[in-house]
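This report concerns only the one structure given below.
Every value quoted in this text rests on a predicted model; they were computed, and no experiment measured them.
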Amino acid sequence: MTENEIAKIREKIFQSKKILITTHINPDGDGIGSGLALVNKLIKLKKKVSFINRDPLPKIYKFLPGSKRVKNLSKINENFDLAIILECPEIERTGNIIDFKKQVKYSINIDHHIGNMMYADLNVIDSKAAAVGIQIYKMMKGFNWYIDKDIATCIYTSIIIDTGSFRYSNTTPEVHLITAELIKAGANPEFIASEVYATTKNSTELFRRMLSELKIIKNIGWSFITKDMLKKTRADESDTDNFINSIRSIKEVDIAVLFKEYGKNITKASFRSKNGFDVNVIAKKFGGGGHKHAAGCVISQPLKKAEKSVISEIFQYYKDKIK
Ligand SMILES: [Mn+2]
């Protein structure tokens with residue numbers, strides 16, 4: 001984050017009374033942690049701050065300070081002086097909850113995705129940042145803001161989610177240095193991990209069923225979750241967020257895919273990879289995107305058909321590299 005960017009964001013925050021913070025549809029720990037870090041500080045600055053997303057807060061993030069203030073709405077009717085949009089490579093990723101041109105005076109897009117569409121008045125993009133939380137940390141340091149325990153807890157959460165608890169290739173020395181500062185500021189690694197990675201009886205039953213459908217061919221591993229599996233196990237959709245990572249962690253697997261049935265003709269595919277395999281290019285072929293090692297897309301096909309299309313695309317794309 002450059003000094004100019006920091007100065008501009010500071011100016012806009014101080015000029016604004018009503019501030020909207022939002023992140024992408026199906027929000028994750030990076031968007032939620034980054035947003036709540038901001039909320040916790042902006043409240044103290046006596047700003048009228050709203051953190052509104054299209055989809056509900058996953059329940060594993062309810063422990064985060066300020067989480068009660070996170071709302072979900074499909075359409076916002078108010079106007080704002082400033083909108084801070086987190087982790088959205090395209091404006092559509094917000095779920096179109098507001099007309100940014102008409103209802104917002106100034107918009108700031110803070111993101112770490114390659115190929116961000118630069119749709120806001122100010123675009124602060126750092127594709128090298130391991131998490132948007134890292135960008136928020138640097139911004140707050142740039143403002144000389146005091147990072148208290150609540151803010152540290154939120155940013156720490158965004159970092160462990162996006163680095164897979166310091167296991168992914170984006171885990172740099174800088175990530176550890178910043179994390180050390182967050183622990184000094186009061187973030188409690190044991191407590192946060194026990195909240196974020198907690199499972200339940202129902203989610204474990206769903207996990208067992210997902211694993212019984214697991215296929216591994218060459219270095220590609222994949223499985224699926226149907227609506228029926230969710231219903232029968234009474235697990236929550238957000239309980240499945242970590243499932244893909246356990247497929248990825250299988251030694252023989254370089255590319256992991258998890259398909260989720262959303263509707264008769266809507267299937268969501270999540271991708272994870274390692275050892276240099278790029279899943280962003282695969283997700284992009286189906287209209288989605290993300291990062292090299294973590295991406296996703298929504299396909300307008302029934303589950304089984306989507307599974308076939310995606311897996312054959314992966315084999316096709318990597319025909320030279322598949323082991
Ligand atoms: Mn992120």
Side-chain angles (χ1 to χ4, degrees), residues 1-25 27-28 30-54 66 69-71 73 76 78-147 151 154-155 158-159 162 170 174 178 289-291:
M1 193 168 286
T2 66
E3 269 178 42
N4 276 343
E5 286 168 342
I6 288 168
K8 191 77 193 166
I9 303 171
R10 190 216 301 263
E11 178 195 320
K12 288 295 167 186
I13 287 176
F14 280 92
Q15 281 171 358
S16 304
K17 281 199 186 80
K18 268 186 83 181
I19 302 175
L20 171 69
I21 295 168
T22 190
T23 182
H24 53 81
I25 52 176
D28 65 17
D30 188 21
I32 295 292
S34 301
L36 281 175
L38 277 168
V39 166
N40 281 302
K41 183 68 192 187
L42 293 174
I43 292 168
K44 291 201 174 106
L45 294 175
K46 305 268 184 284
K47 300 292 178 187
K48 212 171 164 279
V49 53
S50 303
F51 188 4
I52 307 173
N53 306 308
R54 195 196 68 179
R69 300 184 65 105
V70 186
K71 295 203 167 63
L73 285 173
I76 300 173
E78 298 168 73
N79 294 339
F80 292 89
D81 300 318
L82 176 66
I84 301 175
I85 305 159
L86 302 167
E87 252 215 324
C88 292
E90 300 101 24
I91 197 147
E92 292 76 23
R93 287 282 289 155
T94 60
N96 303 314
I97 54 172
I98 193 166
D99 186 332
F100 288 96
K101 292 236 148 58
K102 287 189 184 140
Q103 292 169 264
V104 173
K105 278 190 204 142
Y106 194 86
S107 58
I108 303 175
N109 158 21
I110 303 178
D111 185 32
H112 66 142
H113 287 88
I114 315 162
N116 186 292
M117 296 302 283
M118 307 282 192
Y119 48 78
D121 296 313
L122 178 65
N123 302 286
V124 184
I125 313 304
D126 180 0
S127 63
K128 289 209 169 69
V132 172
I134 297 271
Q135 294 175 280
I136 298 297
Y137 176 87
K138 287 183 178 173
M139 184 187 91
M140 289 188 172
K141 285 305 239 188
F143 294 164
N144 274 319
W145 280 359
Y146 172 68
I147 297 195
I151 296 172
C154 295
I155 298 179
S158 91
I159 293 173
D162 270 24
N170 57 0
E174 185 189 47
I178 290 174
H291 309 281

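- The local environment of NZ in K18 is crowded, with over 12 non-hydrogen atoms from other residues, nucleotides or ligands closer than 6.0 Å.
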- Query: V124 and M139: side chain to side chain contact (heavy atoms under 4.5 Å, CB included), yes or no, with the steps?
  - Reply: CA-CA 10 Å; V124 184; M139 184 187 91; over 6 Å; no

- V39 vs V49, side chain to side chain contact (heavy atoms under 4.5 Å, CB included): CA-CA, chis, key distance, verdict: CA-CA 7 Å; V39 166; V49 53; 4.2 Å; yes

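- Rounding to the nearest 0.5 angstrom, the gap separating the CG atom in L86 from the CD1 atom in I136 is 5.5 Å.
- For residues 134-145, the set of pairs meeting the salt bridge (charged side-chain N to carboxylate O under 4.0 Å, His left out) definition, not counting sequence neighbours, comprises K138-E174.
- Listed for the K47 side chain is a donor-acceptor partner under 3.5 Å among the backbone atoms of I13.
- With values rounded to the nearest 0.5 angstrom, D111 atom CG is found 12.5 Å from M117 atom CE.
- In terms of the ring pair (Phe, Tyr, Trp, His ring centres under 6.0 Å) criterion, residue partners of H112 (sequence neighbours excluded) are, by chain and number, H291.
- Judged by distance alone, with hydrogens and angles left aside, the side-chain atoms of Y137 form no donor-acceptor pair with the main-chain N or O of I147 at under 3.5 Å.
- Annotation: the span from I52 atom CD1 to F80 atom CZ amounts to 4.5 Å, rounded to 0.5 Å.
- Atom CG of D121 is separated from atom NZ of K101 by 8.0 Å, given to the nearest 0.5 angstrom.
- Residues satisfying the salt bridge (charged side-chain N to carboxylate O under 4.0 Å, His left out) test with K17, not counting sequence neighbours, are none.
- If you check the side chains of N116 and N123, you find no donor sitting under 3.5 Å from an acceptor.
- Closest of all the heavy-atom pairs between P89 and H113 is CD-ND1, 3.7 Å.
- Considering every non-hydrogen atom in both C154 and N40, the closest pair reads SG-ND2, 3.7 Å.
- The heavy-atom pair separating G133 from I155 by the smallest distance is O-CG2, 3.4 Å.
- To the nearest 0.5 Å, the span separating CG on D126 from CD on E5 amounts to 8.5 Å.
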- Message: I6 vs F143, test: side chain to side chain contact (heavy atoms under 4.5 Å, CB included). Steps then yes/no.
- Response: CA-CA 7 Å; I6 288 168; F143 294 164; 3.6 Å; yes

- Steps toward side chain to side chain contact (heavy atoms under 4.5 Å, CB included) verdict (T23, D30): CA-CA 9 Å; T23 182; D30 188 21; over 6 Å; no

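- Nearest heavy-atom pair across V104 and L82 is CG1-C, 4.1 Å.
- When side chains are defined from C-beta on, T22 does not count as touching I76, because their heavy atoms never get closer than 4.5 Å.
- Across all non-hydrogen atoms, the minimal contact from A83 to F100 is CB-CE2, 3.9 Å.
- Contact of the Y146 side chain with the I151 side chain is not registered, since no non-hydrogen atoms from C-beta on lie closer than 4.5 Å.
- Side-chain contact between L20 and Q103: absent, with no pair of heavy atoms (C-beta onward) separated by less than 4.5 Å.
- Within the model, atoms NZ of K8 and OG1 of T2 stand 12.0 Å from one another, a figure rounded to the nearest 0.5 Å.
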